[in-house]
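Working notes, beginning with the structure itself.
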Amino acid sequence: MKKEKIIGLDTETTGLDYDKDHIVGISMTLPKADYHCYIPVGHVTGEKQLSPEYVFSSLNKYLENEKLGKVLHNAKFDFHMFYKEGIYVKGLIMDTIIAMKILNENELTYALKNLATKYGKYFGFEDKSMTYEELFGKGGFERTPFDIATVYACKDTHLCYRFYKWIDTQFDRLPKIKKIYYEIENPLLIVSFDMEKNGFEMNLDFAQKYKRNLTVEIIQLEKKLYKIFGEINLNSPTQLGKVIYDQMKLPDISKTRSVDAETIKKLADHSSDIKALLDYRNKKKLLGTYIEPLPQKIWKRDNRLHGNFNQNGTKTGRYSSNDPNLQNIPPEARPMFVAPKGKVIIGKDLSQIEPRCLAYMSGDEHFQHPYLHGGDLYSSLASKTLKLDMKYCLDGAYDPTHTFKPRKRMKTGLLAVMYGTSIFTLSQQLGITLEEAKQFIEDFLNTYPTARDYIQSIKDFVDENEYVETYLGRKRRFIGHKKVAQQYKAVCKHIIDVLGYMPTNIWQEKKLSRHIKNTYWKYAKDYGRVTRQAVNAVIQGSSADYIKIVMLRVNNYLKILGEEYKLLGIIHDEILMEVPDIVAPEVIAELDRIMTSIEWFKFPIKTDTVIMYQWGNEINVSKWLEDRENYNKKRSA
DNA sequence: ACCACATGCCAC
DNA sequence: AAACGTGGCATGTGGT
Ligand SMILES: Nc1nc2c(ncn2[C@H]2C[C@H](O)[C@@H](COP(=O)(O)OP(=O)(O)OP(=O)(O)O)O2)c(=O)[nH]1
Ligand SMILES: [Mn+2]
């Protein structure tokens, strides 16, 4: 081991649960020695094995040695399993899953064996033998005899190492991708691991009481709804559809017998029956998806809730989160998440990040104007378009009738327009007429002509190249799009040849045959979708580039401050941290500096910073700093 | 027990 | 006729 620079590393475990399962064996590939070994520590085959204590304490100095490089396939998993044995693995050189996702985000599977079968011919891997899983199924590795276990475990690390070497050579043709991998994604894996291992403290008392209340309310609503809709399964759209469309004979405005909230709201506008059904759905969702299941996921080991943060969970470069998803907790469920005694949660959210990003990347001076002057485009557009006084359009404010939040509504509207929405969707979303929606889109494109041209240039690029790039060169590929674009443009040209112009509404043109209309729609559908995805990928992906750099720097900074400063989560453009409630104002200022000064983003960035004893209960950071003793005292009471 | 798919809905 | 984007989870339905 002392002679090796980089080793292949893998663990075999009793299962996939970080809390319940544990390591039963460790495999390593030592390339210089051409030595591949498997060290069983928890097999139950009766064969003689070293004690886990001995093995882990002996390996500790190698695994925690930054200088000894490690290559793994799905490193975060093994890091969790080692961590529960007291080992914090250092020296990650490559996670071959993450690297592959950067190289090609469109693989059907990222299982090592499958990738090796597909790309193995390029690096001399032609093993056609079955994997352990294929032969014996998932799990049960602890019951496998040493000789068989050794063969399969060692094959994996050896393959992973050779795959790493191949990927590294591929990187040399792709300098931007290489930089993204080694300067962002690879170090970021440690940040993801840190977040996952940190987890959240939960207020079980709150959860229990909330659960009791919701359960009672749901039972009462069920009783009421059974009288209205009959003794059907209220959760079944099919059964509900039969009642609404066949028995009650309400008009099928969706044309698909949809019973979703938006449709049935229109069906019976102020009907208390519909209100009761929606109320039921709301509470059922809240209870069934958040309040009830989340507390059950708390680890026995540390009494905290841990979810996965998947750093390449999306095709655009954003994170995703699962098991449980910590990126879609609704306001009502947030107070379950709390800061421990003596600590606070800091939330820092980037302001208007994607419009800002589009303004910057397009170079549109008019679009840039509000951001150069500290303005809020969502608020000002809300005020103008919805004809409301500014005080109703500030962040968090309600409209005069107290039924919606104008800024939030306009946020969705503006983003939808940026990403190519139709006047139909926009008028629905904003609650304005089709004419007003049409005007809004035209105003956007005419007020920001350089942004309009930039959006068009992204579409032209993807039509030609079948991929787009973020600011830092992260790619999203659209295989097969060039052909679709050509066919789409050919149909458009044909229509222009027939009519002499391109109609805004194809379907109303009497001169066009049914066949042409259908052909048009076949290609227009794909073409429109891909070009919208392409524009979105550039902006959403560049925002992801930005926040990922922020995360690297914030996590480094928090580590310097000490164990009590933890990164808890990333919600796309918002970072959640847990820090002592005596945190220095200078630290808060430094966090802001880090988050707003990424060198390549040569444009103003603004953040919204809040202090919380329970998530969702937000205290303005300046107010908190002025009066923190009182806040802290009140909290502990 | 599991799977695949559709529907609906939560977040950014 | 119907075209903002990126995700994950619960539930029903039909199937093994
Ligand atoms: N295409 C699209 N993107 C969305 C939508 N909602 C959120 N996003 C993306 C774009 C946002 O800039 C980004 C961050 O979400 P936020 O809720 O933090 O909004 P934003 O930062 O724009 O405004 P803010 O000043 O934080 O209120 O996520 C949406 O409905 N459609
Ligand atoms: Mn934001």
Side-chain angles (χ1 to χ4, degrees), chain A residues 105 137-138 232-241 254-264 277-278 281-282 284-294 297 307-310 312-334 349-350 352-354 358 408 411-430 434 437 441 444 455 476 505-509 514 517-518 520-541 543-544 547 569-574 616:
Chain A
E105 75 288 359
K138 269 198 176 6
I232 58 165
N233 184 344
L234 297 165
N235 305 315
S236 164
T238 324
Q239 296 179 36
L240 213 49
S254 70
K255 304 284 175 204
T256 57
R257 293 170 66 92
S258 168
V259 289
D260 69 14
E262 286 314 308
T263 307
I264 60 177
L277 179 58
L278 295 179
R281 287 222 189 121
N282 256 335
K284 191 91 174 138
K285 170 97 178 176
L286 185 57
L287 180 66
T289 308
Y290 303 101
I291 305 298
E292 213 159 23
L294 286 179
K297 300 222 166 222
N308 298 322
F309 287 100
N310 313 304
N312 286 102
T314 68
K315 308 216 161 184
T316 56
R318 265 192 181 184
Y319 269 83
S320 73
S321 168
N322 72 341
D323 196 26
N325 184 352
L326 294 171
Q327 293 182 319
N328 75 340
I329 310 293
E332 297 89 333
R334 290 186 178 191
D349 186 304
L350 296 170
Q352 310 167 72
I353 186 59
E354 287 182 25
L358 176 58
K408 191 171 180 179
K411 182 195 286 190
T412 317
L414 178 64
L415 289 162
V417 170
M418 280 170 43
Y419 300 126
T421 199
S422 67
I423 57 172
F424 307 100
T425 307
L426 186 66
S427 75
Q428 293 293 321
Q429 273 174 353
L430 293 183
L434 287 174
I441 294 172
F444 175 81
I455 287 169
R476 179 167 182 185
N505 192 334
I506 290 284
W507 310 96
Q508 283 172 0
E509 293 296 331
R514 189 90 230 126
K517 287 180 184 176
N518 286 339
Y520 171 81
W521 183 240
K522 186 158 85 87
Y523 293 121
K525 203 175 145 194
D526 263 6
Y527 181 80
R529 190 183 63 245
V530 172
T531 49
R532 288 192 303 275
Q533 287 173 322
V535 174
N536 176 265
V538 173
I539 305 303
Q540 191 184 101
S543 305
I547 200 77
I570 172 71
I571 309 177
H572 308 303
D573 73 330
E574 175 182 17

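First the proteins, then the strands, lettered A, B, ... as listed; each starts at 1. Keep in mind the model is a prediction, meaning the values are calculated, not measured. Scope of the values below: all heavy atoms of this structure, side chains included, with no hydrogens, waters or symmetry mates.
Comparing B/dC5 with C/dC4, their P atoms are spaced 25 Å from each other, to the whole Å.
Heavy atoms of A/A333 sit nowhere under 4.0 angstrom from any nucleic acid atom. Looking at heavy-atom distances under 4.0 Å, A/R257 makes no contact with the nucleic acid at all. Among the protein residues, A/I506 comes within range of no part of the nucleic acid, since none of its heavy atoms lies under 4.0 Å from any strand. Across all strands shown, A/V259 has heavy atoms under 4.0 Å from sugar-phosphate atoms exclusively, and none from any base. Among the heavy atoms of the strands lying under 4.0 Å from A/T412 is at least one base atom, whether or not backbone atoms are also near.
Between A/R476 and C/dT6 there is a side-chain N or O to OP1 or OP2 distance below 4.0 Å. Within the 4.0 Å cut-off from OP1 or OP2 of B/dC10, at least one side-chain nitrogen or oxygen of A/N282 is found. Between B/dC12 and A/Q540, no contact under 4.0 Å exists linking OP1 or OP2 to a side-chain N or O. OP1 or OP2 of C/dC4 sits under 4.0 Å from a side-chain N or O of A/T425.
For A/N235, whose side chain is taken as the heavy atoms from C-beta onward, the closest listed nucleotide among C/dA10, C/dC4, C/dT11 is C/dT11. Of the candidates C/dA1, C/dG12, C/dA10, the closest approach to any side-chain atom of A/F424 belongs to C/dA1. When the nucleotides C/dA1, B/dG8, C/dC4 are ranked by their closest atom to the side chain of A/W507, C/dA1 comes out on top.
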Pairwise N/O distances under 3.5 Å, protein to nucleotides 13-16 of chain C:
residue: C/dT13; atom: OP1; partner: A/S236; partner atom: OG; Å: 2.6

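At a cut-off of 3.5 Å, with distance as the only test, a side-chain donor of A/E354 or A/Y419 sits close to an acceptor on the other residue.
If you take CE on A/M418 and CG on A/L358, they are separated by 4.5 Å, rounding to the nearest 0.5 Å.
Of the residues in residues 314-328 of chain A, A/R318, A/Q327, A/N328 come within less than 4.0 Å of DNA chain B through at least one heavy atom, sorted by number. Heavy-atom distances under 4.0 Å link DNA chain B to no residue of residues 522-532 of chain A.
Between A/E292 and A/K297 there is no salt bridge, since no side-chain nitrogen of the basic residue lies less than 4.0 Å from a carboxylate oxygen of the acidic one.
If you take CG of A/L286 and P of C/dA10, they are 13 Å apart, rounded to a whole angstrom. For the pair A/L278 CG and B/dG8 P, the computed distance is 12 Å after rounding to whole Å. Atom P of nucleotide C/dG8 and atom CG of A/N310 are separated by 7 Å, given to the nearest angstrom.
Counting distance only, with no hydrogens placed and no angle test, the side-chain atoms of A/K285 and the base atoms of B/dC10 include no donor-acceptor pair under 3.5 Å.
Sparse packing is recorded around NZ of A/K408, with 12 or fewer heavy atoms of other residues, nucleotides or ligands lying under 6.0 Å away.
Side-chain contact check for A/L350 versus A/E574: every heavy-atom pair is 4.5 Å or farther apart.
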